[in-house]
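A quick write-up on the structure given underneath.
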Amino acid sequence: MARMKFLCDDDRCIECNACITACKNEHEVPWGVNRRRVVTINDGQSGETSISVACMHCSDAPCAQVCPVDCFYFTDDGVVLHDKDLCIGCGYCFYACPFGAPQFPQDGAFGNRGKMDKCTFCAGGPEEDHSEAEFEKYGRNRLAEGKLPLCAEMCSTKALLAGDGDVISNLFSQRVTQRQLSQEEPDSGTAQVKLWGWKTAYKD
Amino acid sequence: MSRLSLLFASLAFSPNTYSDEQNIWKQIREGISGYSAVNSQESEILIQASGTQWLTIRNELIAGTGAWLLALTVLALAVFYLIRGRVKLTEPPSGEMIERWSKSERWLHFYTASLFILLAITGLSLLYGRSFLISWLGHDSFSQYADIAKIVHNYAGPLFSVGLVMMGMIWFQDNLFDKTDITWFKQYGGMIGNQHPSAGRMNAGEKVWFWLLMTAGVLVSITGMNLDFPNLGQYRLIMQISHIIHSVSAFLLIIGALGHIYIGTIGTEGALRGMITGKVDKSWAKQHHDLWYQQINKEKQNFLKPSGNSAKYGSKIQ
Ligand code: HEM
Ligand code: SF4
Ligand code: SF4
């Protein structure tokens, strides 16, 4: 069984924010809720790094451990989903999550939070696949259609990868190797593993 | 000192560039913030380091230690009751009643007490319901109950705080510690052994409970108000710290309240009636609060005598 994962290649992400737009559009996510975001470190300076982040579908998910009503569950693919009918909007998952993934529409007085919303890895929720209720609460269930998450599917630089963890990490390792090979002079400043001796031995 | 100044230096010069590539990953894990076009709370932070720490503190330290402490308190009170039994009146009731608590004091006491019990039950339901109630009620019913419990807790909190502040104002004077309290402590308040240590209107035990309420109760209120309004954009760290202070103080209060309720009901003959009706028997007053008894006796006498303190009550006599 595949273990679904996200991977963002920071050397490729160009901070175009298209993944966010695609996600909002595909799932008709409510106003004020963002299931995915791009964060740029060192914006406008040398060493600028952009990363697209959403729920990472953690193995020992902190959100699932803290939830007072125990509304999270894991699919066979390792996707972390939750049941909005059970959620009481306490916000504890947002406090516990390392990635700031859980989001809340405001609902009522006292700063009361509505039901938690987060990235579903395009896998819907506990409702029947492709039902209206499922779309209403969780958005489209692309996994059940045999498709992968839209954010990664449409990423123009293929920085964002989503799918079987083994497959995408292999892809990423190939990229890293490729990059090192094509590096004319592996210069001393970078922290990447240098292919020691290649230049001398193979010339190209 | 040097560590502190290092901390301040790193805060003041918090560098925006990290030339070292590996350093970036380290900084990201430690919670460095960048820029994000998405404008939601703390969206510019990739990884918050404190989330999983807070999770461990809540789920293991607070829930675990708290459960043990509650169980031990109940057990200790039960054992104490079995050994010591009820503290009875040593003199037969005289039938003469003295006013101990005014009507407003009694209302305030039971107003605050009922809100406290409501808050304790609903708060503990959120913390322990998953472990104890879901297997019994099922996920659906428990979620419905937890939803109500959360709302009740959110609204009862500020109402409780109002009662707490009013208690602080009207009972402040009576709860200042003095010399008699030392003897009271040395004789375990008369609960162990058969002595009757002297006490004014409040004995030293009541004073301790009062000051626990005024410290832990105030902390619970302040942090609770913060948790009540998560929409003000507080950093998650602030909410996590608030939650920890809130729950730890709540446990101290619940343990104190268990002792307080024990002493005020089955532990002491005549105490609960005093708070319900406002009146206590003369024998009860002499036994438990002798100095207070002497004081009100003196006041009564002065009041009756034309000389003495009559000027003070002049307006009333007219
Ligand atoms: C005085 C004003 C109070 C306010 C404003 C207040 C508010 C809150 C809020 C907002 C939460 C978070 C619950 C959530 O978001 O679902 C909370 C949690 C909690 N409160 Fe209070 N509270 C107050 C007093 C108390 C008192 C007196 C107790 C106990 C005697 C108490 C016990 C708890 C406990 C145990 C939790 C932790 C629940 C958990 O971790 O799951 N609170 N409180
Ligand atoms: S919500 Fe956060 S903690 Fe839960 S699985 Fe997603 S990334 Fe992990
Ligand atoms: S907000 Fe909802 S999903 Fe998150 S911990 Fe609370 S009840 Fe669970």
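Each chain gets a letter, A, B and so on, in the order the sequences are listed, and its residues count up from 1. Values reported hereafter were calculated over all heavy atoms of this structure, with side chains retained and with hydrogens, waters and symmetry mates removed. Quick caveat: nothing in here was measured; it's all calculated off a predicted structure.
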Interatomic spacing from [atom1] in [X] to [atom2] in [Y] - rounded to 0.5 Å:
X: B/Tyr35; Y: A/Ser50; atom1: OH; atom2: OG; result: 10.5 Å
X: A/Arg37; Y: B/Ile45; atom1: CZ; atom2: CD1; result: 8.5 Å
X: A/Cys97; Y: B/Leu55; atom1: SG; atom2: CG; result: 11.0 Å
X: B/Ile47; Y: A/Ile51; atom1: CD1; atom2: CD1; result: 8.0 Å
X: B/Ser36; Y: A/Asn34; atom1: OG; atom2: CG; result: 8.0 Å
X: A/Gln103; Y: B/Ser40; atom1: CD; atom2: OG; result: 4.5 Å

Under 4.5 Å from any heavy atom of chain A - which part of [X]:
X: B/Gln48; value: both
X: B/Ile134; value: side chain
X: B/Gln41; value: both
X: B/Ile28; value: side chain
X: B/Asp140; value: both

Portion of [X] that has a non-hydrogen atom of chain B nearer than 4.5 angstrom:
X: A/Asp83; result: neither
X: A/Asp70; result: both
X: A/Val38; result: backbone
X: A/Thr49; result: side chain
X: A/Phe104; result: neither
X: A/Ile20; result: side chain

key: Winner by heavy-atom pair count (cut-off under 4.5 Å) against chain B, out of A/Pro62, A/Cys87, A/Cys71   =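 Heavy-atom pair counts peak at A/Pro62.
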
Has [X] got more than 12 heavy atoms of other residues, nucleotides or ligands less than 6.0 Å from its [atom1]?
X: B/Tyr235; atom1: OH; result: no
X: B/Met214; atom1: CE; result: yes
X: A/Phe74; atom1: CZ; result: yes

Between [X] and [Y], which heavy-atom pair has the shortest distance, and what is it?
X: B/Ser143; Y: A/Val69; value: CA-CG1, 4.1 Å
X: A/Val39; Y: B/Ser43; value: CG2-O, 3.3 Å
X: A/Arg113; Y: B/Lys150; value: O-NZ, 4.4 Å
X: A/Tyr95; Y: B/Pro230; value: OH-CB, 4.1 Å
X: B/Thr52; Y: A/Pro98; value: CG2-CG, 4.3 Å

request  = Would you mind telling me which of B/Gln53, B/His139, B/Gln144 has the largest number of heavy-atom pairs within less than 4.5 Å of chain A?
outcome  =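 The candidate making the most pairs under 4.5 Å is B/His139.
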
task = Could you check A/Tyr92 against B/His243 for side chain to side chain contact (heavy atoms under 4.5 Å, CB included), going step by step and ending with a plain yes or no?
result = CA-CA 10 Å; A/Tyr92 286 3; B/His243 174 275; 3.6 Å; yes

query = Looking only at heavy atoms, which of residues 116-137 of chain A get nearer than 4.5 Å to chain B?
reply =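 Interface residues of residues 116-137 of chain A: none, nothing closer than 4.5 Å to chain B.
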
task = Please step through side chain to side chain contact (heavy atoms under 4.5 Å, CB included) for the pair B/Leu46 and A/Phe99, ending with a clear verdict.
result = CA-CA 6 Å; B/Leu46 277 168; A/Phe99 302 99; over 6 Å; no

Heavy-atom side-chain proximity of A/Asn42 to B/Ile24 below 4.5 angstrom =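 Contact flag for A/Asn42/B/Ile24 side chains = yes.
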
